[in-house]
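I have placed the structure first, in the form of structure tokens, so that the comments after it can refer back to it.
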2 protein chains.
Amino acid sequence: MSKELKNTFYGNAQPLMIAVDCIIFGFDKEGLKLLLFKRKIDPFKDKWSLIGSFVDQEENISETGHRILKEYTGLTNVFLEELGCYGKQDRDPAARVISIAHFALIRLNEQQLKLVESYEAHWFGIDEIPDLILDHNKMIAAALEKLRLKARYQPIGFELLPKKFTIPQLKKFYDAIYQKKHDRRNFRKKILDMDILKKLTEKDKTTSRKGAFLYQFDKRKYNKLVKKGFNFTF
Amino acid sequence: MSKELKNTFYGNAQPLMIAVDCIIFGFDKEGLKLLLFKRKIDPFKDKWSLIGSFVDQEENISETGHRILKEYTGLTNVFLEELGCYGKQDRDPAARVISIAHFALIRLNEQQLKLVESYEAHWFGIDEIPDLILDHNKMIAAALEKLRLKARYQPIGFELLPKKFTIPQLKKFYDAIYQKKHDRRNFRKKILDMDILKKLTEKDKTTSRKGAFLYQFDKRKYNKLVKKGFNFTF
DNA sequence: CCAAAAGTGTTATCGCTACACCCATGA
DNA sequence: TCATGGGTGTAGCGATAACACTTTTGG
């Protein structure tokens with residue numbers, strides 16, 4: 001259908017600006033982290049902020065999210081999910097902008113940590129998030145809430161942990177999400193009973209003398225489990 | 001801040017049309033239902049569709065939803081929640097329109113059922129939804145999924161059932177949501193054990209000779225339970 | 001008096017929680 | 001040899017699921 005014809009149908013509608021803001025979670029030995037940026041434009045120039053971009057005419061919403069992630073982290077194929085729409089009329093004093101917040105989960109490594117500095121960005125621990133512009137703190141609170149909820153019925157550790165990880169590492173992740181120390185034995189049993197982990201012969205010796213066995217998710221078994229339906233209740 | 005000043009900040013952004021579409025659930029003796037409308041404008045005039053509206057410049061997103069509900073059902077203070085953003089570039093052949101889908105839960109009564117006819121609308125049983133325009137069938141599938149999820153940790157029966165209802169009615173609601181017949185005894189026990197229902201002395205005799213006792217939600221006790229956190233696992 | 005829905009209790013099983021000791025290793 | 005984190009098993013409790021008979025009353 002031609003652009004000219006298109007425009008005839010909804011002639012009375014008022015177009016609005018629409019943006020995507022990304023809540024980018026990462027995880028490493030120190031715990032759960034969040035990537036924040038020094039804002040480059042007015043208003044609120046140089047304040048801490050989530051990273052975002054306006055949605056282009058020719059772009060699907062999720063493409064906007066992936067474009068942002070590619071640009072600022074260099075990563076493609078990132079786990080990215082819609083969080084919700086932030087559309088209060090007065091949320092941005094500079095203009096009526098509707099933001100579709102998305103959250104992303106990425107694996108942290110040294111390369112990542114360095115790359116990010118070129119953008120005046122910083123990985124903040126989840127308990128040390130500063131005051132952000134607009135409603136960005138609210139978005140983050142909602143993202144954490146959703147992460148918790150999601151973790152109940154989907155092993156999202158997949159996305160945040162390295163490909164090979166130890167059970168104590170996995171436990172640390174859930175401890176961080178739920179802000180609660182889980183029992184080592186019960187945690188291990190429950191996870192292993194799910195039968196979605198493959199034990200490797202290698203050990204990770206970076207955190208103890210004895211070393212902890214590395215595991216991998218077994219995608220096939222995991223998918224079967226998801227279909228069947230299950231719920232974590234950590 | 002003046003309009004003129006506002007417009008200077010984000011000059012390069014391309015505004016888009018943004019709409020709210022409402023998935024309106026109702027529940028009565030026959031089961032879970034969905035309100036659909038014959039579309040009044042081209043393209044797809046006279047096809048079945050969700051009801052929606054463009055978001056006005058001066059309006060919060062949720063206000064758009066409530067405005068729609070008020071106009072087409074006469075109801076205010078309706079349970080309305082964001083479902084998600086449907087923003088594929090080509091979802092509407094007539095123009096680039098981004099839709100923020102919302103779902104609403106309303107109590108059905110005879111008055112409701114009549115009111116709606118004036119808009120060429122119809123309450124469809126949840127198993128007899130016709131083919132709808134655009135991505136509306138997808139939205140409905142997602143809404144049902146979310147309704148199920150939500151029902152696990154919130155007694156949403158509140159919103160859909162009449163103020164006074166019987167246990168068999170409540171069971172019917174959960175049967176409908178989960179498309180599964182629950183065991184009468186277990187269901188009753190579980191619900192009553194939650195201690196959020198107040199038994200009345202009246203009976204509803206419309207569905208049986210013996211009649212079933214009517215109950216009401218006890219808001220106070222319910223709120224306490226929500227705070228403490230719980231999960232239904234029907 | 002009978003059809004049709006409402007109401008009630010028990011038992012077996014499963015999953016969760018709590019809890020304490022041994023193991024492997026590098027320094 | 002010892003300090004540190006990794007690894008293991010069990011018993012008790014509470015929640016869930018399976019299951020069948022009695023009650024009420026309008027027609």
Side-chain angles (χ1 to χ4, degrees), chain A residues 28-31 151-153 155 157 161-162 164-176 178 180-216 225 228-234, chain B residues 28-31 151-153 155 161-162 164-176 178-216 225 228-234:
Chain A
D28 68 6
K29 294 195 202 312
E30 295 164 43
R152 285 186 180 229
Y153 58 94
L161 290 164
K164 300 172 180 183
F165 54 88
T166 66
I167 304 277
Q169 254 181 300
L170 187 61
K171 170 169 135 47
K172 195 165 177 185
F173 169 69
Y174 281 101
D175 286 354
Y178 290 116
K180 162 190 166 180
K181 298 267 173 219
H182 298 86
D183 181 89
R184 274 200 341 273
R185 289 157 290 196
N186 294 337
F187 181 84
R188 175 180 297 269
K189 191 177 350 155
K190 206 161 168 179
I191 286 285
L192 292 178
D193 281 354
M194 286 181 179
D195 193 33
I196 53 172
L197 295 187
K198 198 166 57 186
K199 186 174 183 172
L200 307 178
T201 50
E202 314 161 62
K203 279 188 162 187
D204 171 16
K205 293 206 164 190
T206 58
T207 53
S208 79
R209 312 214 151 132
K210 183 179 180 181
F213 280 102
L214 287 162
Y215 288 78
Q216 276 187 329
L225 187 63
K228 216 183 68 187
F230 71 99
N231 41 332
F232 284 84
T233 27
F234 292 106
Chain B
D28 68 7
K29 294 194 202 317
E30 293 162 45
R152 283 186 184 231
Y153 58 95
L161 289 163
K164 301 173 180 181
F165 55 88
T166 66
I167 304 277
Q169 255 179 299
L170 187 61
K171 170 170 136 45
K172 195 165 179 184
F173 170 69
Y174 281 99
D175 286 354
Y178 290 115
Q179 298 174 292
K180 161 190 167 181
K181 298 268 173 220
H182 298 86
D183 181 271
R184 277 203 334 278
R185 289 157 290 194
N186 293 338
F187 181 84
R188 176 182 296 269
K189 191 178 346 156
K190 205 160 168 179
I191 286 285
L192 290 178
D193 281 355
M194 287 180 180
D195 192 34
I196 53 173
L197 296 187
K198 200 167 53 185
K199 187 174 182 174
L200 306 179
T201 51
E202 315 161 61
K203 278 187 163 188
D204 171 15
K205 294 209 164 188
T206 57
T207 54
S208 79
R209 311 214 147 121
K210 185 180 179 180
F213 280 102
L214 286 163
Y215 288 78
Q216 276 187 331
L225 188 61
K228 214 183 67 186
F230 72 97
N231 43 330
F232 283 84
T233 28
F234 291 108

Subject >> Whole-Å gap separating C1' (dG5(D)) and CZ (R188(A)) >> reply: 11 Å
Subject >> Touch class at under 4.0 angstrom, heavy-atom based, for T207(A) against every strand present >> reply: sugar-phosphate
Result block: side-chain N/O donor-acceptor pairs under 3.5 angstrom for residues 208-215 of chain B, not counting sequence neighbours:
{"residue": "S208(B)", "atom": "OG", "partner": "G211(B)", "partner atom": "N", "Å": "2.8"}

Subject >> Minimum-distance pair of heavy atoms, taken over all atoms of I167(A) and F187(A) >> reply: O-CE2, 4.0 Å
Original post:
Counting only heavy atoms not in K181(B), do more than 12 fall under 6.0 Å of its NZ?
Top reply: no
Subject >> salt bridge (charged side-chain N to carboxylate O under 4.0 Å, His left out) partners of K164(A), counting only residues at least two apart >> reply: E202(A)
**OP:** For F165(B) and dA6(C), give me the distance from atom CZ to atom C1', rounded to whole Å.
**Re:** 16 Å
Original post:
So what is the end-to-end bend of the helix from dC1(C)-dG27(D) to dA27(C)-dT1(D), with 5 pairs used at each end and the value given to 10 degrees?
Top reply: 0°
Subject >> Whole-Å distance separating the CZ atom of F187(B) from the C1' atom of dG7(C) >> reply: 14 Å
Original post:
Looking at L161(A) and Q169(A), what are the two nearest heavy atoms and their distance?
Top reply: CD2-O, 4.3 Å
**OP:** Could I get the full list of side-chain contact (heavy atoms from CB on, under 4.5 Å) partners for T201(A), not counting sequence neighbours?
**Re:** none
**OP:** Mind calculating the distance between NZ (K181(B)) and C1' (dA18(D)) to the nearest angstrom?
**Re:** 18 Å
**OP:** Write down the distance between CG (D193(A)) and P (dG15(C)), rounded to a whole number of angstrom.
**Re:** 8 Å
Subject >> Whole angstrom value for the distance that separates C1' of dG7(C) from CG of L192(B) >> reply: 11 Å
Original post:
In whole angstrom, what separates L197(A)'s CG from dG7(D)'s C1'?
Top reply: 15 Å
Original post:
Could you state the CG-C1' distance from D204(B) to dA4(C), rounded to the nearest angstrom?
Top reply: 15 Å
Subject >> Test side chain to side chain donor-acceptor pair (under 3.5 Å) applied to K171(B) - qualifying residues, sequence neighbours left out >> reply: D175(B)
Original post:
Any chance CD of Q179(B) has more than 12 other-residue heavy atoms, nucleotides or ligands included, within less than 6.0 Å?
Top reply: yes
**OP:** Starting from the C-alpha separation in whole Å, work towards a yes-or-no answer on side chain to side chain contact (heavy atoms under 4.5 Å, CB included) for N186(B) and K189(B).
**Re:** CA-CA 5 Å; N186(B) 293 338; K189(B) 191 178 346 156; 3.9 Å; yes
Original post:
How does protein reach along nucleotides 18-27 of chain C, written 5' to 3' as B (base within reach of a heavy atom under 4.0 Å), S (only sugar-phosphate), or - (no contact)?
Top reply: BBB--BBBBS
